Protein chains: 2
Amino acid sequence: MDWREFDQNPVSHSAAHHLTAIQQLLEDQGYARVSDVARKLGITRGSVSVSLKGLRQRGLVVEDQHKHLGLSDEGQRIARGIHTKRVLFKAFLEKSLGLPADLAEMDACKIEHLVSDLTAEALAIYIDRREDASDSSSDRDRQVNALEDSIREGRVEAFPGKEIETISERLQSRSEEQSKDKDDE
Amino acid sequence: MDWREFDQNPVSHSAAHHLTAIQQLLEDQGYARVSDVARKLGITRGSVSVSLKGLRQRGLVVEDQHKHLGLSDEGQRIARGIHTKRVLFKAFLEKSLGLPADLAEMDACKIEHLVSDLTAEALAIYIDRREDASDSSSDRDRQVNALEDSIREGRVEAFPGKEIETISERLQSRSEEQSKDKDDE
DNA sequence: TCCTCTTGTTTGGGTACCCAAACGGGTTGA
DNA sequence: TCAACCCGTTTGGGTACCCAAACAAGAGGA
């Protein structure tokens with residue numbers, strides 16, 4: 001096994017952040033420009049301009065007539081996948097391991113783009129099962145069993161699939177509730 | 001929080017592998033030279049020569065009169081820490097999440113040098129508790145409680161400490177037994 | 001002795017990031 | 001209208017990796 005699998009990932013650490021930044025800007029303010037991305041990431045406009053040229057050539061980022069950035073289908077898929085992984089790992093580090101939120105966030109952010117889809121799926125199932133050990137419908141059981149088969153056989157069709165995304169969203173909204181509660185105190 | 005905490009880690013991905021390669025070569029064959037490291041890592045002697053120059057300047061790697069490489073105390077500490085993290089994550093991915101061994105190994109290898117010491121400690125405790133939920137001496141309980149206090153307060157003295165290393169070694173030897181069993185079949 | 005192999009180093013080239021600085025195009029308020 | 005400002009891009013410089021290739025030095029067999 002080559003230890004340099006490292007740098008032949010679908011996207012680099014920096015690309016991961018460029019993509020998720022665009023996605024988040026689109027959600028938050030409806031548009032994303034080079035400067036917005038630069039500000040969000042804390043790097044210069046020049047760096048973003050160059051990086052995005054590469055991502056545009058790879059067909060992950062698109063641009064309209066007004067220099068407004070967007071994500072292609074593939075770009076969206078990747079950004080969503082990374083975001084999901086970040087949420088899953090942060091939740092695991094914070095909830096299961098009991099790490100402080102900021103450290104959980106930091107570590108999740110470092111590894112989000114490196115772990116395989118399969119690993120993320122397995123983690124989602126793991127968390128899910130521990131969170132809702134009580135309410136188990138035969139429906140969810142069947143889904144989980146199907147996913148576990150995938151893991152055993154080492155395959156995953158598309159990440160994140162519907163089920164995984166549902167789990168991730170529940171984890172995220174639960175985590176947001178908690179930090180809101182904390183603010184209220 | 002700066003997303004580029006990434007590249008200001010104690011050691012880079014490549015440095016991590018250079019150090020652990022030296023350590024492993026010393027264990028396996030009693031010595032380590034530039035060529036040995038190059039062969040083990042699958043890169044050229046030239047690359048290793050240059051990389052090690054940096055690690056020597058940083059005081060992590062030492063060299064005797066016969067061009068035999070070694071690790072300084074600091075170098076050993078770092079290499080041992082990385083190795084411990086790799087073992088812990090691999091064990092978690094494989095045993096708790098049920099991922100295939102090769103994928104677990106690959107993912108563990110990608111993230112071993114990125115996760116914080118505190119995260120690794122928390123993971124060790126987590127695994128430990130799940131593995132030996134039955135035999136709990138009040139001694140171990142006290143240790144675990146002390147470590148959990150560290151985690152809550154976000155500090156860790158030296159990684160890996162005695163307790164963590166014990167857990168890691170047990171996980172590793174258990175994993176080796178299992179793969180031996182498999183070979184015997 | 002001489003030829004050959006191995007070893008470690010150096011050098012020039014390439015990739016992927018980052019920055020600062022300069023430049024040209026647009027918008028806008030005075 | 002024009003100076004001030006924000007935009008995006010380009011350019012030159014820097015770091016950290018990698019490679020291939022050329023080199024010098026030592027070790028050993030014929």
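Below, read A as the first sequence line, B as the second, and so on, with proteins coming before strands; counting in each chain starts at 1. All values below were derived from every heavy atom in this structure, side-chain atoms included, with hydrogens, water molecules and symmetry-related copies excluded. Since the structure is predicted, the reported quantities are computational estimates derived from the model, not experimental observations.
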Roughly, in whole Å, what's the span from [atom1] in [X] to [atom2] in [N]?
X: B/Y31; N: C/dG8; atom1: OH; atom2: C1'; answer: 15 Å
X: A/D64; N: D/dG8; atom1: CG; atom2: C1'; answer: 14 Å
X: B/R39; N: D/dC19; atom1: CZ; atom2: P; answer: 15 Å
X: A/D36; N: D/dG8; atom1: CG; atom2: C1'; answer: 12 Å
X: A/L25; N: D/dC7; atom1: CG; atom2: C1'; answer: 16 Å
X: A/L55; N: D/dT9; atom1: CG; atom2: P; answer: 13 Å
X: B/L52; N: C/dG8; atom1: CG; atom2: C1'; answer: 11 Å
X: B/I43; N: D/dA16; atom1: CD1; atom2: P; answer: 16 Å

Side chain of [X], heavy atoms from C-beta onward: which of [options] has the nearest atom to it?
X: B/S14; options: D/dT9, C/dT9, D/dC18; value: D/dC18
X: A/R45; options: D/dC18, C/dT7, D/dC7; value: D/dC7
X: A/S49; options: D/dC7, C/dT9, D/dT10; value: D/dT10
X: B/T44; options: C/dC17, D/dG8, D/dC19; value: D/dC19

Next item on the list: Kindly compute the distance separating NE2 (B/H83) from CD (B/E112), expressed to the nearest 0.5 Å.
Entry: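 The CD atom of B/E112 is 9.0 Å from NE2 of B/H83, to the nearest 0.5 Å.
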
[X] vs [N]: side-chain N/O to OP1/OP2 distance below 4.0 Å:
X: B/S47; N: D/dC19; result: yes
X: A/R56; N: D/dT9; result: yes
X: A/K53; N: D/dT10; result: yes
X: A/K67; N: D/dT9; result: yes

Check: With side chains defined as the heavy atoms from C-beta onward, is the minimum distance between A/V115 and A/L123 less than 4.5 Å?
Finding: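 They are not in side-chain contact.
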
Next item on the list: Taking the side chain as every heavy atom from C-beta outward, state whether A/H18 and A/I43 have any atom pair closer than 4.5 Å.
Entry: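 They are in contact (side-chain heavy atoms under 4.5 Å apart), so the answer is yes.
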
Check: Which residue lies toward the 5' end of DNA chain C, B/G46 or A/A15, if each is placed at its nearest nucleotide?
Finding: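 Looking at DNA chain C, the more 5' nearest nucleotide goes with B/G46.
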
Checklist line | side chain to side chain contact (heavy atoms under 4.5 Å, CB included) partner of B/L114, chosen from A/K110, A/M106, A/H13 | finding: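 That would be A/K110.
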
Margin query: Parallel, tilted or perpendicular, judged at 30° and 60°: which one describes the rings of B/Y31 and B/H68?
Written below: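 Judged by the thresholds at 30° and 60°, the geometry between B/Y31 and B/H68 is parallel.
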
